[in-house]
Enquirer: 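The structure's right below; bear with me while I get my questions together.
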Amino acid sequence: MNIENAVRKHTAALLQLPNVVGVGIGEKCDRAIIKVLVTRKLPQAELQPHDLIPTRIEGYETDVEPIGDLTIQ
């Protein structure tokens with residue numbers, strides 16, 4: 001599965017997780033990754049196992065990036 005299809009397939013489920021506000025495609029070390037944008041990162045100990053963002057989706061590494069609260073400009 002290519003990364004675009006993987007992102008499309010999993011975006012709705014990822015957006016249901018705590019603090020997740022966006023999902024997209026990024027790059028890390030010249031490899032395509034799935035970028036998960038959150039308002040803030042939480043320690044794993046504060047999350048239930050079913051609320052954790054997977055480290056890989058469809059074979060693609062994920063990267064969680066805190067971006068703060070979103071506001072309309």
Side-chain angles (χ1 to χ4, degrees):
M1 174 177 293
N2 68 33
I3 194 164
E4 291 87 3
N5 289 338
V7 168
R8 237 185 324 273
K9 179 179 176 182
H10 294 275
T11 293
L14 289 167
L15 288 172
Q16 298 302 310
L17 298 176
N19 298 317
V20 175
V21 293
V23 181
I25 298 170
E27 190 174 295
K28 187 175 187 180
C29 299
D30 295 325
R31 292 186 328 267
I33 61 165
I34 297 175
K35 186 72 96 167
V36 182
L37 307 175
V38 296
T39 54
R40 62 189 172 95
K41 281 188 173 184
L42 297 173
Q44 281 188 337
E46 289 184 24
L47 294 168
Q48 297 296 319
H50 60 272
D51 288 333
L52 294 173
I53 296 169
T55 57
R56 297 187 86 68
I57 295 174
E58 302 287 344
Y60 295 99
E61 181 182 350
T62 60
D63 183 45
V64 179
E65 182 176 338
I67 61 168
D69 293 319
L70 298 177
T71 57
I72 297 173
Q73 300 292 315

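Please read all numbers here as calculations on a predicted model, not as lab measurements.
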Enquirer: Check whether more than 12 heavy atoms from other residues, nucleotides or ligands sit under 6.0 Å from atom CD of Q44, and answer yes or no.
Expert: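 No, not enclosed.
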
Enquirer: Passes side chain to side chain donor-acceptor pair (under 3.5 Å), N19 versus T39? Steps please.
Expert: CA-CA 5 Å; N19 298 317; T39 54; 3.1 Å; yes

Enquirer: Who are the side-chain contact (heavy atoms from CB on, under 4.5 Å) partners of Q16, not counting sequence neighbours?
Expert: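 Not a single residue meets the side-chain contact (heavy atoms from CB on, under 4.5 Å) criterion with Q16.
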
Enquirer: Taking all non-hydrogen atoms of both residues into account, name the closest pair between L37 and K35 and its distance.
Expert: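 Taking every non-hydrogen atom into account, CD2-CG, 3.8 Å.
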
Enquirer: To check you understand the geometry: which heavy-atom pair defines the closest contact between I3 and Y60, and what is its length?
Expert: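 Reported closest heavy-atom pair: N-OH, 3.2 Å.
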
Enquirer: Does a side-chain heavy-atom distance below 4.5 Å link V64 with K41?
Expert: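 A side-chain contact exists here, since the closest heavy-atom pair is under 4.5 Å.
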
Enquirer: Tell me which donor-acceptor pairs under 3.5 Å the side chains of residues 51-59 have, and how far apart each pair is, sequence neighbours excluded?
Expert:
from	atom 1	to	atom 2	distance (Å)
R56	NH2	G59	O	2.8
E58	OE2	K9	NZ	3.1
E58	OE2	H10	NE2	2.9

Enquirer: Which heavy atom of H50 sits nearest to which heavy atom of L17, and what is that distance?
Expert: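 So the minimum-distance heavy-atom pair works out to O-CD2, 3.6 Å.
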
Enquirer: With a 4.5 Å limit on heavy-atom distance, are the side chains of I33 and T62 in contact?
Expert: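 They are not in side-chain contact.
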
Enquirer: Is any side-chain heavy atom of V21 closer than 4.5 Å to a side-chain heavy atom of I67?
Expert: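 Result yes, sub-4.5 Å side-chain heavy-atom pair found.
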
Enquirer: Mind listing the closest non-hydrogen atom pair of E46 and L42 along with its distance?
Expert: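 Looks like OE1-CD2, 3.8 Å.
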
Enquirer: Report the residues that fulfil salt bridge (charged side-chain N to carboxylate O under 4.0 Å, His left out) with E61, sequence neighbours left out, ordered by chain and then residue number.
Expert: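 For E61, the residues satisfying salt bridge (charged side-chain N to carboxylate O under 4.0 Å, His left out) (neighbours in sequence not counted) are K28, R31.
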
Enquirer: Taking the side chain as C-beta and beyond, is there a heavy-atom pair between V20 and V36 under 4.5 Å?
Expert: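 Yes - at least one pair of side-chain heavy atoms lies under 4.5 Å apart.
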
Enquirer: Out of curiosity, does L47 fall in the hydrophobic cluster containing V23 (side-chain heavy atoms, cut-off under 4.5 Å, transitive links)?
Expert: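 Looking at the clustering, L47 is in a separate group from V23.
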
